[in-house]
Amino acid sequence: MNLGVRLSGIELRNPFLLASGVLGETGESMLRVWNAGAGGVVTKSIGLSPREGYPNPVIVVLPHGLLNAMGLPGPGIEEFAEEVRTAVEGGAVVIGSVFGAGPDEFARLARRMEEYGVSAVELNLSCPHARGYGMEVGIDPEMVREIVEAVKSAVGIPVWAKLTPNVADIRPIVEAASGADAIVLMNTLRAMAIDIRARRPVLSNVFGGYSGPAVKPVGVRLVYEAYEVTDKPIIGVGGVTTGEDVAEYLMAGASAVQVGSAVYYRGVEVFRLLAIELSHIMEEEGFSTVQEMVGLAHG
Amino acid sequence: MNLGVRLSGIELRNPFLLASGVLGETGESMLRVWNAGAGGVVTKSIGLSPREGYPNPVIVVLPHGLLNAMGLPGPGIEEFAEEVRTAVEGGAVVIGSVFGAGPDEFARLARRMEEYGVSAVELNLSCPHARGYGMEVGIDPEMVREIVEAVKSAVGIPVWAKLTPNVADIRPIVEAASGADAIVLMNTLRAMAIDIRARRPVLSNVFGGYSGPAVKPVGVRLVYEAYEVTDKPIIGVGGVTTGEDVAEYLMAGASAVQVGSAVYYRGVEVFRLLAIELSHIMEEEGFSTVQEMVGLAHG
Amino acid sequence: MHRCVRIEDVRREARDVVSILFRDPCIALPGQFYMVWLPGHEEVPMSVSFTGMLKGITVRAVGPTTRALHSLEADDRLWIRGPYGRCYSIRGSRPLVVAGGTGIASLAPLVEEHPGDVLTLLGARTSEDLFFVERLRASSEVWVSTDDGSEGHAGPVTDLLERAVEEHEPDIVYTCGPEAMMVKVYAFASERDIAVEASLERYMKCGIGICDSCSVSGYRVCRDGPVFSDELTEIYEFGRFRRDPSGRRVPI
Amino acid sequence: MHRCVRIEDVRREARDVVSILFRDPCIALPGQFYMVWLPGHEEVPMSVSFTGMLKGITVRAVGPTTRALHSLEADDRLWIRGPYGRCYSIRGSRPLVVAGGTGIASLAPLVEEHPGDVLTLLGARTSEDLFFVERLRASSEVWVSTDDGSEGHAGPVTDLLERAVEEHEPDIVYTCGPEAMMVKVYAFASERDIAVEASLERYMKCGIGICDSCSVSGYRVCRDGPVFSDELTEIYEFGRFRRDPSGRRVPI
Ligand SMILES: Cc1cc2nc3c(=O)[nH]c(=O)nc-3n(C[C@H](O)[C@H](O)[C@H](O)COP(=O)(O)OP(=O)(O)OC[C@H]3O[C@@H](n4cnc5c(N)ncnc54)[C@H](O)[C@@H]3O)c2cc1C
Ligand SMILES: Cc1cc2nc3c(=O)[nH]c(=O)nc-3n(C[C@H](O)[C@H](O)[C@H](O)COP(=O)(O)OP(=O)(O)OC[C@H]3O[C@@H](n4cnc5c(N)ncnc54)[C@H](O)[C@@H]3O)c2cc1C
Ligand SMILES: Cc1cc2nc3c(=O)[nH]c(=O)nc-3n(C[C@H](O)[C@H](O)[C@H](O)COP(=O)(O)O)c2cc1C
Ligand SMILES: Cc1cc2nc3c(=O)[nH]c(=O)nc-3n(C[C@H](O)[C@H](O)[C@H](O)COP(=O)(O)O)c2cc1C
Ligand code: FES
Ligand code: FES
């Protein structure tokens with residue numbers, strides 16, 4: 001079964017990409033995921049300078065998903081050159097994820113990623129920013145539009161905008177981001193866990209992002225809503241664990257998916273398993289290309 | 001173990017209330033839940049006129065929670081008199097939930113509920129409204145403030161404001177609702193499910209509300225955030241299934257909880273089970289009243 | 001989520017009744033029901049009428065959804081969830097089964113599975129509406145009645161009760177069918193101190209006991225029922241009223 | 001979520017080393033580790049050093065978190081998740097175990113559980129830093145070395161390798177301790193074609209194989225390790241560098 005897709009001008013051998021922040025901090029891990037069968041790998045979101053991230057605990061394994069507050073650790077964009085190059089030279093399709101405080105920072109980071117040889121750049125629009133209450137940059141349509149425009153005019157490679165689900169209405173944000181070459185939905189849901197015996201939040205940062213099987217119905221909804229207001233390809237993220245989940249996201253309107261927490265649930269082998277499972281579904285349901293399934297649920 | 005709590009001036013024998021929309025449409029069901037040990041029962045949200053709700057399917061049993069789009073069915077406030085009276089006369093502590101298009105409708109509905117003998121009225125601020133994109137009334141702080149004020153001046157009983165989680169930042173909404181006597185958090189998360197073999201959304205309404213164990217980390221986070229900006233008591237809702245869940249919500253800042261989907265997972269007996277489980281935790285952890293646990297996780 | 005099953009066989013049982021058979025690995029017990037969905041149509045409750053390796057439902061065409069189900073053929077697909085609800089209990093050694101109309105759908109597998117000496121009373125409007133007679137004869141004695149007398153006794157099936165109790169001396173009565181009929185059966189048996197299990201129908205939405213739409217006197221037909229026994233004395237609404245989809249009372 | 005366990009016993013093993021014992025029903029195998037959390041402090045990885053009915057960890061006080069763990073007493077509570085990671089394989093009939101410092105924590109239960117004829121080489125800085133010697137002697141022959149010669153051989157534990165291989169003729173070598181020591185053990189054994197299993201340490205955050213912070217040449221110490229064997233040839237970073245919490249390379 002041919003699982004290839006064309007996404008914002010990039011040919012992918014299959015529609016399962018590694019989601020940002022999961023095994024995307026070292027070049028050799030990215031290569032390993034690529035060799036395990038991913039259609040592409042998105043790097044950990046990288047900022048200008050090195051960051052240690054929050055102190056442990058930074059992850060909570062919840063009954064139905066994962067909660068994390070890593071605090072965007074990373075070596076900073078300069079030192080990250082080596083990691084990207086290792087992955088790119090190893091043959092992987094690499095998408096460079098970046099986060100910044102505003103349009104200029106995003107543009108600078110994207111340019112560096114382009115120099116390192118990534119196939120596309122993904123803008124993590126879910127990091128905290130100063131304006132308005134310390135919420136995420138991605139909840140402010142104007143900020144989203146400015147960042148996307150700044151990066152679009154700074155680089156020649158495709159630009160993907162990754163949005164946060166923590167908004168009342170995703171549609172104006174998707175519209176604001178539609179200058180990008182693809183929309184990535186979604187980042188994690190803001191959530192928390194309290195240990196009742198410790199009588200305190202588990203994460204050192206108190207709040208974290210919720211991912212994994214529990215959040216899939218929210219991700220599918222966002223992709224479905226986005227599909228109705230944009231012509232740009234959409235990449236579905238959130239709880240993708242099996243081939244059925246992939247098919248659901250495709251029918252909601254995604255052209256590809258990203259896989260994060262499932263690396264915990266099913267191991268790095270998840271990419272190979274997804275290919276088997278999706279092929280099987282396509283055979284049974286009479287699809288010969290992935291593209292045929294995209295948006296089918298919109299009737 | 002004494003599990004009693006005092007909430008917005010009402011004495012409750014325990015802090016586990018039946019959440020709105022679950023077995024709250026008929027007087028005898030409410031009475032049954034009361035007799036099964038609930039500390040109080042919130043009615044189905046009732047509007048001015050009878051509504052059949054959406055056609056089936058209106059519910060999807062997902063792997064980690066429930067998805068529903070009932071479409072607010074109900075006999076309308078006039079015919080509902082008999083149901084409330086059955087429950088009240090049977091001895092139940094009844095909280096009347098209402099939904100309307102704006103302040104006037106909410107006030108009219110609340111007044112009727114007061115006449116029927118409810119102990120408090122709960123405002124369901126999560127129903128769709130016309131202003132601004134067809135989203136929920138509860139995402140607009142001004143609308144929330146107006147509705148709460150209108151109802152507060154219309155009735156003498158305590159007024160509870162039930163908020164939606166589908167907002168970027170709950171804090172301004174909580175502040176807007178703080179004229180109420182208690183804040184109820186949260187209603188369901190906007191979500192959807194697609195059947196990949198049917199190639200369409202399962203719910204006849206396409207979108208629905210996600211509840212049950214999967215959503216608990218989001219509910220706990222909202223209660224925690226609300227607790228930091230209001231002095232009003234908070235009632236935690238979302239995924240409460242075990243005594244541990246209750247304790248977690250209490251420590252996040254809730255003074256009581258509501259239980260919806262767990263009636264599916266554990267049956268009507270869930271209220272009795274929660275009492276046993278919470279008592280056990282309190283004994284082990286050295287608490288002698290429920291009140292002692294409220295907000296403990298804030299350090 | 002629903003399970004999507006492939007239809008193995010569709011059997012025309014009577015004028016406007018078909019049975020739809022499919023493979024479903026879940027255990028289904030007589031008296032339970034599936035929520036059945038054909039995408040593009042409403043999801044509706046249907047009793048389990050075949051409980052073996054091949055499961056089945058038996059559908060009378062009464063409206064748009066049931067008519068759509070009638071258009072299905074072998075190899076088509078059907079979406080189901082469940083089986084839900086409380087089944088008939090297997091008790092007594094001389095059970096009497098009283099079925100009216102489509103009610104026999106839920107009782108037929110009980111007749112087959114019950115180890116006792118079963119007498120089945122089967123009522124229908126006309127001989128054209130009768131079905132499962134041969135199937136039932138394979139495991140019980142069957143007395144038939146039709147309203148128009150086109151087969152068996154002419155008149156309501158409840159006319160046969162008196163004789164059935166005298167000759168068969170039942171120690172348990174199972175009944176499913178029009179509620180007015182079940183009320184009569186229940187009254188008749190209760191007077192004689194014979195236990196009754198009756199399967200009720202109410203408008204169902206969730207099917208899993210949370211929406212309250214099917215509730216009767218605090219009992220949920222979808223979860224505490226559909227089969228009720230001792231509770232019937234407490235169910236004031238039995239034979240009196242049901243609720244429409246908005247929750248308003250409608251007389252029966 | 002963490003499991004909250006009650007501490008049954010705290011044993012002082014050496015100058016700055018304690019063992020903390022608690023009841024945990026989960027299976028823990030030699031080589032695996034817990035993520036251990038004392039609320040108010042950081043969560044840190046700790047090898048399973050007791051694998052019986054009572055599980056245990058053995059902690060050297062080196063910084064704020066390990067010092068906090070040292071303040072614990074019987075009846076206090078501890079929060080754990082895991083055990084995580086790949087355990088030592090039980091293979092060979094004449095295993096040689098080479099431990100440096102706290103490395104013996106992870107190897108001690110292996111020595112106890114291994115059915116072969118075990119020789120343990122145990123290195124420490126001084127006799128005050130030695131621990132588990134009696135415990136190990138109960139199930140293996142033990143040769144000790146200290147840097148200062150206060151007990152056993154004076155010098156690094158690797159000095160004992162030559163004689164150990166000659167006299168014991170091991171068919172498998174297990175090692176845990178300072179990485180420079182393990183590199184030597186690995187080189188020594190590889191030259192002689194003896195298989196090696198070495199337990200690595202890297203900075204851990206998630207402990208479950210998703211954050212990449214502990215990765216070495218594409219292998220996750222927390223999930224593909226901490227025990228590595230044949231992979232060691234591919235792990236370029238072994239003995240050369242580790243990464244700090246930001247992911248930057250730091251020489252070893
Ligand atoms: C527990 C249970 C078991 C049933 N078993 C069978 C069976 O084995 N065979 C069979 O033919 N029928 C059975 N029914 C009835 C069947 O569900 C209805 O005939 C069907 O829903 C009609 O749908 P329609 O769109 O064709 O008709 P409509 O024109 O929509 O309605 C016709 C009648 O069916 C009722 N109905 C419609 N939707 C529902 C619903 N969601 N729940 C309950 N009643 C509904 C209406 O109230 C009306 O009385 C059962 C019902 C219940 C509650
Ligand atoms: C798989 C594994 C098993 C281990 N088993 C044991 C054991 O059985 N006994 C024992 O005493 N120690 C063990 N350690 C080391 C132990 O985790 C550190 O000593 C401890 O984290 C130090 O914390 P601190 O706050 O006291 O010191 P700090 O002052 O914070 O740090 C001291 C040293 O510990 C390292 N360290 C700190 N945090 C971590 C972390 N999250 N992950 C890895 N290293 C860290 C630092 O990099 C530094 O080298 C193990 C480590 C790993 C990776
Ligand atoms: C441990 C962890 C770290 C993450 N770090 C990032 C990140 O740096 N940048 C980003 O855009 N998303 C990050 N995410 C979010 C994921 O990319 C993804 O959007 C989310 O986890 C939902 O997908 P999943 O359910 O498949 O995990 C992280 C997620 C996890 C679990
Ligand atoms: C079937 C169903 C119907 C509901 N109807 C209402 C309603 O009418 N009004 C309302 O405020 N909330 C309604 N809710 C939301 C619940 O009251 C509750 O806020 C939500 O389900 C989260 O709690 P849970 O996880 O315990 O179910 C409904 C939930 C379900 C599952
Ligand atoms: S159909 Fe919802 S409670 Fe029975
Ligand atoms: S600690 Fe996160 S991958 Fe190993």
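Here is the naming used below: chain letters follow the sequence lines, and residue numbers restart at 1 for every chain.
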Go through it in stages, so that I can follow the logic: the residues are C:Y88 and C:E113, the test is side chain to side chain donor-acceptor pair (under 3.5 Å), and I'd like the CA-CA distance, side-chain angles, deciding distance and then a yes or no. CA-CA 11 Å; C:Y88 298 104; C:E113 291 186 21; over 6 Å; no

Quick one: of [options], who has the most non-hydrogen atom pairs under 4.5 Å with chain B?
{"options": "C:R81, C:M204, C:K205, C:H2", "answer": "C:K205"}
{"options": "C:H41, C:R249, C:M35", "answer": "C:R249"}
{"options": "C:R77, C:E42, C:R248", "answer": "C:R248"}

Is it true that a side-chain atom of [X] and a backbone atom of [Y] form a donor plus acceptor pair closer than 3.5 Å?
{"X": "C:S229", "Y": "C:V196", "answer": "yes"}
{"X": "B:Y116", "Y": "B:I77", "answer": "yes"}
{"X": "C:Y84", "Y": "C:G209", "answer": "no"}
{"X": "C:S213", "Y": "C:Y203", "answer": "yes"}

Which of the residues [options] is involved in the greatest number of heavy-atom pairs with chain C at under 4.5 angstrom?
{"options": "B:P73, B:P57, B:P50", "answer": "B:P57"}
{"options": "B:V58, B:V268, B:V33, B:I59", "answer": "B:I59"}
{"options": "B:N35, B:L23, B:V22", "answer": "B:L23"}

Within [range], which residues come under 4.5 Å of chain C, heavy atom to heavy atom?
{"range": "residues 193-203 of chain B", "value": "B:A193, B:I194, B:D195, B:R197, B:A198, B:R200, B:P201, B:V202"}
{"range": "residues 82-96 of chain B", "value": "B:E82, B:E83"}
{"range": "residues 269-278 of chain B", "value": "none"}

Pi-cation contact, C:F238 with C:R240 (under 6.0 Å, within 45°): no

Between C:R11 and C:F50, is NZ or CZ placed under 6.0 angstrom from the six-membered ring centre and within 45° of the ring axis? yes

Under a plain distance cut-off of 3.5 Å, with no hydrogens placed, do B:E136 and B:S126 share a side-chain donor-acceptor pair? no

Would you check, one step at a time, whether the test side chain to side chain donor-acceptor pair (under 3.5 Å) holds for C:S106 with C:S47? CA-CA 5 Å; C:S106 103; C:S47 300; 4.6 Å; no

Gap separating the CD1 atom of C:I80 from the CH2 atom of C:W37, nearest 0.5 angstrom: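 Answer for the CD1-CH2 pair, C:I80 versus C:W37, is 13.5 Å.
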
Return the OH to OG distance between B:Y210 and B:S261, rounded to the nearest 0.5 Å. 10.0 Å

May I ask you to say whether C:R91 pairs ionically with C:E197, meaning some side-chain N is under 4.0 Å from a carboxylate O? yes

For the pair C:R3 and C:D24, find out whether any cationic side-chain nitrogen is under 4.0 Å from an anionic carboxylate oxygen. yes

Donor-acceptor pairs under 3.5 Å, side chain of residues 62-69 of chain B to any protein atom, not counting sequence neighbours: which ones?
{"from": "B:H64", "atom 1": "ND1", "to": "A:H64", "atom 2": "ND1", "distance (Å)": "2.8"}
{"from": "B:N68", "atom 1": "OD1", "to": "B:M70", "atom 2": "N", "distance (Å)": "3.4"}

Which answer fits [X], side chain, backbone, both or neither, if we ask what part of it has an atom under 4.5 Å from a heavy atom of chain C?
{"X": "B:L31", "answer": "neither"}
{"X": "B:T26", "answer": "both"}
{"X": "B:E79", "answer": "side chain"}

For a side-chain contact (heavy atoms from CB on, under 4.5 Å) check, start with the C-alpha distance between C:R6 and C:D75, then their side-chain angles and the critical distance, and finish with the verdict. CA-CA 6 Å; C:R6 195 164 291 279; C:D75 244 29; 3.9 Å; yes

What part of [X] lies closer than 4.5 angstrom to a heavy atom of chain B: side chain, backbone, both or neither?
{"X": "C:E237", "value": "side chain"}
{"X": "C:C4", "value": "side chain"}
{"X": "C:R220", "value": "both"}

Walk me through whether B:N124 and B:S97 qualify under side chain to side chain donor-acceptor pair (under 3.5 Å). CA-CA 6 Å; B:N124 177 356; B:S97 173; 5.0 Å; no

Report the C-alpha distance between C:E112 and C:R135 in whole Å, list the side-chain angles of each, state the deciding distance to 0.1 Å, and finish with yes or no for salt bridge (charged side-chain N to carboxylate O under 4.0 Å, His left out). CA-CA 9 Å; C:E112 288 172 342; C:R135 179 179 172 194; 2.7 Å; yes

Just checking B:R266: does its CZ atom have more than 12 heavy atoms from other residues, nucleotides or ligands closer to it than 6.0 angstrom? yes

Where do C:D224 and C:R86 land on the salt bridge (charged side-chain N to carboxylate O under 4.0 Å, His left out) test, with the steps shown first? CA-CA 6 Å; C:D224 303 309; C:R86 193 162 65 164; over 6 Å; no

